[in-house]
Amino acid sequence: MGNQWLLDELAHAGPEHLDPDFVAGYDRKQGMPDPSGDLAALRAAGVTADATVVDLGAGTGRLAMAAAREFRRVVAVDVSPAMLGHLARTADAEGLTNLERVHAGFLSYRHEGPPADAVVTRHALHQLPDFWKAVALDRIAGMLRPGGVLRLRDLIYDFRPAEAEAVFGRWFAGAADDPRAGYTAADYAEHIRTEHSTFRWLLEPMLDMAGFDVVDAEFPHPCYGSYTCVLRTA
């Protein structure tokens, strides 16, 4: 059977992420996310300027390009040709020769060269159902050196199932009205129905099983949070 059992990540990428018109406005819709907090978390966890950093689900590359200005080698990985094309144009315009681009996903990326010092992933792991999240985290552990760092930011649910209606109602109330300016209540509802955000109390055992110790967790909202994790050395 070979690899016929593997998930087709392209089919789970969200069709809008494959659309060049959507990609052109993606950063604006995301609120022009600032990668400085994630880079600061890497530094605080001991990632130094000579590091190799892999960005899984790099999207338009805002984090990957910022990382390439700071770290020796950065590999930007994404399943969307439209995202990688956008990243290529902006990175080439800046002359970032230490930024590599790979068309792959969590389940298909094959790391080459010495083990990575850090892996970052922002708002991408939720594209995978939970079984595949666990597989992806195990693969991430396999590409990191012992003591390597995982920085994970995503839509993750930090509430009990019985609280879902109330939490989602408050989330929708704070949504954007204009879909060009941000995510609307309809966008959030579609995410809940069709994508695979999971509960914090399910994700954290997956991290532990993959060999990671959580050194920092932040949940500024019950629907999203971030983790800094270190791969155990024994």
Side-chain angles (χ1 to χ4, degrees), residues 17 23 26-80 82-106 109-125 136-137 139-156 207 210-218 220 224-233:
H17 297 132
V23 169
Y26 179 76
D27 288 333
R28 183 177 66 252
K29 191 174 179 75
Q30 289 271 312
M32 306 301 286
D34 182 0
S36 61
D38 293 307
L39 298 182
L42 295 184
R43 289 193 296 272
V47 181
T48 57
D50 63 348
T52 294
V53 177
V54 178
D55 185 358
L56 287 171
T60 58
R62 285 180 68 84
L63 188 147
M65 289 192 297
R69 299 182 196 111
E70 183 163 346
F71 301 113
R72 181 182 62 84
R73 180 192 178 200
V74 175
V75 185
V77 182
D78 205 281
V79 296
S80 167
M83 290 288 191
L84 288 176
H86 185 283
L87 171 55
R89 290 187 294 274
T90 52
D92 290 348
E94 288 200 28
L96 295 172
T97 57
N98 62 327
L99 177 55
E100 304 167 30
R101 300 176 292 272
V102 178
H103 182 212
F106 289 100
Y109 173 65
R110 303 290 178 184
H111 186 68
E112 297 182 358
D117 299 286
V119 170
V120 292
T121 182
R122 290 167 54 106
H123 301 298
L125 192 63
L137 291 169
R139 296 191 79 249
I140 289 170
M143 67 185 73
L144 280 167
R145 62 168 174 78
V149 177
L150 168 63
R151 177 67 176 174
L152 168 63
R153 182 185 295 273
D154 213 328
L155 294 163
I156 303 162
L207 290 165
F212 289 105
D213 290 327
V214 175
V215 297
D216 183 66
E218 297 179 57
Y224 48 83
S226 62
Y227 292 95
T228 304
C229 309
V230 174
L231 185 64
R232 290 191 287 270
T233 56

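Excluded from the calculations below are hydrogen atoms, water molecules and symmetry mates; all remaining heavy atoms, backbone and side chain alike, are included. Nothing here was measured: the structure is a model prediction, and the numbers come from that model.
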Can you list the residues that meet the side-chain contact (heavy atoms from CB on, under 4.5 Å) rule with Ala124, with sequence neighbours excluded?
Phe106, Thr121

Examine distances only and state if a side-chain atom of Asp78 and a backbone atom of Gly59 form a donor-acceptor pair shorter than 3.5 Å.
yes

With sequence neighbours excluded, what pairs up with Thr90 under the side chain to side chain donor-acceptor pair (under 3.5 Å) test?
none

Separation between CG (Leu125) and CD1 (Ile140), nearest 0.5 Å, reads 6.5 Å

What distance separates Arg43 CZ from Glu70 CD, expressed to the nearest 0.5 Å?
4.5 Å

CZ-CG distance between Arg122 and Leu63, expressed to the nearest 0.5 angstrom:
5.5 Å

Closest approach of Leu231 and Ala210, non-hydrogen atoms and distance?
CD1-O, 4.0 Å

May I ask you to test the Val47-Arg151 pair for a side-chain heavy-atom distance under 4.5 Å?
no

Just how far is it from atom OG1 of Thr60 to atom CE of Met65, taken to the nearest 0.5 Å?
7.0 Å

Sequence neighbours left out, what passes ring pair (Phe, Tyr, Trp, His ring centres under 6.0 Å) with Tyr227? Give chain and number order.
Phe219

Could you check whether any side-chain heavy atom of Leu144 comes within less than 4.5 Å of a side-chain heavy atom of Pro115, counting everything from C-beta outward?
no

Give me the atom names and distance for the closest heavy-atom approach of Ala64 to Val74.
O-CG1, 3.7 Å

First locate atom CG of Asp117, then atom CZ of Arg73, and finally report the distance between them rounded to the nearest 0.5 Å.
10.5 Å

Please report the shortest heavy-atom distance between Val77 and Ala104, naming the atom on each side.
CG1-O, 3.4 Å

Let me confirm one number: the CG-CZ distance from Leu87 to Arg62, rounded to the nearest 0.5 Å.
12.5 Å

I'd like to know if the side chain of Asp213 and the backbone of Val230 have a donor-acceptor N/O pair within less than 3.5 Å.
no

Minimum heavy-atom separation for Gly105 to Val79, with atom names?
CA-CG1, 3.5 Å

So which atom in Ala76 and which in Leu99 form the shortest heavy-atom distance, rounded to 0.1 Å?
CB-CD1, 4.0 Å

Would you mind reporting whether Leu137 and Leu150 have side-chain heavy atoms less than 4.5 Å apart?
yes

Please check: side-chain N/O of Arg145 versus main-chain N/O of Ala116, any donor-acceptor pairing under 3.5 Å?
no

Under 4.0 Å between a side-chain nitrogen and a carboxylate oxygen: does that hold for Asp50 and Arg72?
no

With sequence neighbours left out, the residues meeting salt bridge (Lys or Arg N to Asp or Glu O under 4.0 Å) with Arg139 are none

Going by salt bridge (Lys or Arg N to Asp or Glu O under 4.0 Å), name the residues that satisfy it together with Asp92, two or more places apart in sequence or in a different chain.
Arg101

Mind checking whether Leu152 and Phe212 have side chains closer than 4.5 Å, heavy atoms only?
no

Out of Val149, Val119, Thr48, which one pairs with Leu42 under the side-chain contact (heavy atoms from CB on, under 4.5 Å) rule?
Val149

Just to verify, what does Asp154 make a salt bridge (Lys or Arg N to Asp or Glu O under 4.0 Å) with, not counting sequence neighbours?
none

Contact summary for Pro114 and His111, nearest pair of heavy atoms:
O-NE2, 2.9 Å

